[in-house]
There are 4 protein chains.
Amino acid sequence: MLIQLDYRDGTPIYEQIVNRIKKLVLIGAMAPDEPLPSVRSLAVELATNPNTVQKAYAELERQGVIYTVKGRGNFISGDKSLVEVKKKEMREQLMALMKEADELGIDRKELLKGLE
Amino acid sequence: MLIQLDYRDGTPIYEQIVNRIKKLVLIGAMAPDEPLPSVRSLAVELATNPNTVQKAYAELERQGVIYTVKGRGNFISGDKSLVEVKKKEMREQLMALMKEADELGIDRKELLKGLE
Amino acid sequence: MLIQLDYRDGTPIYEQIVNRIKKLVLIGAMAPDEPLPSVRSLAVELATNPNTVQKAYAELERQGVIYTVKGRGNFISGDKSLVEVKKKEMREQLMALMKEADELGIDRKELLKGLE
Amino acid sequence: MLIQLDYRDGTPIYEQIVNRIKKLVLIGAMAPDEPLPSVRSLAVELATNPNTVQKAYAELERQGVIYTVKGRGNFISGDKSLVEVKKKEMREQLMALMKEADELGIDRKELLKGLE
DNA sequence: GTGGTCTAGACCACA
DNA sequence: GTGGTCTAGACCACA
């Protein structure tokens, strides 16, 4: 798996793993029901602790990105609507930004110029 | 000062203080060279630890939002370009968002629809 | 046999097999003394590990739902009172629920409204 | 705090802690914004590992039962609707039970007799 | 082999 | 002092 950790950046390792895998799923690099590397093997690959990978996988399962089968491993969920969820999140971020701009008297048009 | 802390929201208290004061300055609620409440008095007002307020003020000084005069207190910087700095930050956020959208194959136009 | 496993749902596979077979017996889909598929064939059918099916059968035997004849295979028990046992279990669950409701000050009548 | 662990029972310790605290909140034994014992002190009290308590608290926060303030501690959420949520859960359990009874040809009235 | 839980203990940010 | 993250390693259920 193409996961690169950045030990300098402040975000926790387990969170970096979560984000990376979510990204891989979002861009379609990992197909539904495709198995993820085992907790232990990924830990070795990333030179980190199995507990840390475990924490990342647990969070991914909680978010519905993957599912776990005891004794078998972890697999990508078939949830195709993940991109839709992401889109919604981005819309919310944009609207919050626009609201902030308004409060500061910054022109929306100017802010968005050339972004389309 | 009109600062309301939200203990439930996860962001550290010192960061909430920083954000609130930046906001107050940005919207013009605090004029250049206006004094801020002393560390101790604000700590009392917010029912928090003086260390926390101190940390917030240090961060604000680092960002150039306020300046400290030893023995006299803390004051709002006269930096009128603060809004400009903010605008630049917002542009960067927007460009990062657009880049992410591209990676996920989300149409920029669709994402920005109705925001102007 | 009409057994469908759900790998996404968290319950262990051997337990799903146990539950499914108990259900089949309870609803009368499997008659007393009827033979069950062999461990190996069911394992193949379910694309799972023979150990898993073995564990499920052992548990079913422990519960008295099936019986094993060495060299011949596994068979449904003639225990017609299985439904009675189930009914008793359900009563116990209901009474535990009612007890919990009492502790929380939830009205039993309200909780049971429209269920008869 | 009145928390008793049962090391014999199979449910994980962290989950027992979660359940106990939820119960205490549900029955009103702990008021909103009341502080919980610190991770370390509860670990000592229960003769368990701080990580285990930490895991329980993290889960409680995820469920909205408590909220965390870094450097200060954990506090009970003011969510009064917790009982409502619980009631809804119990209704769902009851309806599932009734459905199962129907499938087995068990009379609902008989099953519910004397429970009100 | 695979995931889940737990211990013992360290280090860090925050208050 | 308080919570959050992480390491190193053990033990267990499950497949």
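In what follows, chains are A, B, ... by sequence order, proteins preceding strands, each numbered from 1. Computed from a prediction, not measured in an experiment: that's the story for all the values here. Excluded from the calculations below are hydrogen atoms, water molecules and symmetry mates; all remaining heavy atoms, backbone and side chain alike, are included.
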Distance-only donor-acceptor test (3.5 Å): side chain Arg72(D), base dG1(F): no

Heavy atoms from other residues, nucleotides or ligands near CZ of Arg40(C) exceed 12 (cutoff 6.0 Å): no

Asn49(A) CG to dA10(E) C1', straight-line distance once rounded to whole Å: 13 Å

Distance below 4.0 Å between Thr52(D) side-chain N/O and dT7(E) OP1 or OP2: yes

Value in whole Å for how far the P atom of dA15(F) lies from CD1 of Ile13(C): 5 Å

Atom pair distance, as rounded to whole Å: CZ in Arg8(D) and P in dC12(F): 18 Å

OP1 or OP2 of dG4(F) under 4.0 Å from side-chain N/O of Gln54(D): yes

Interatomic distance, Tyr14(D) OH vs dG4(E) P [rounded to whole Å]: 9 Å

Euclidean distance, atom CD of residue Glu15(B) to atom P of dA13(E) [Å, nearest integer]: 14 Å

Base-paired stems that DNA chain F participates in, counting runs of 3 or more Watson-Crick or G-U pairs under 3.5 Å: E:1-14 with F:1-14

Sugar-phosphate only, base, or nothing, as touched by Asn51(D) at under 4.0 Å among non-hydrogen atoms: base

Presence of Lys55(D) side-chain N/O under 4.0 Å of dT5(E) phosphate oxygens OP1/OP2: yes

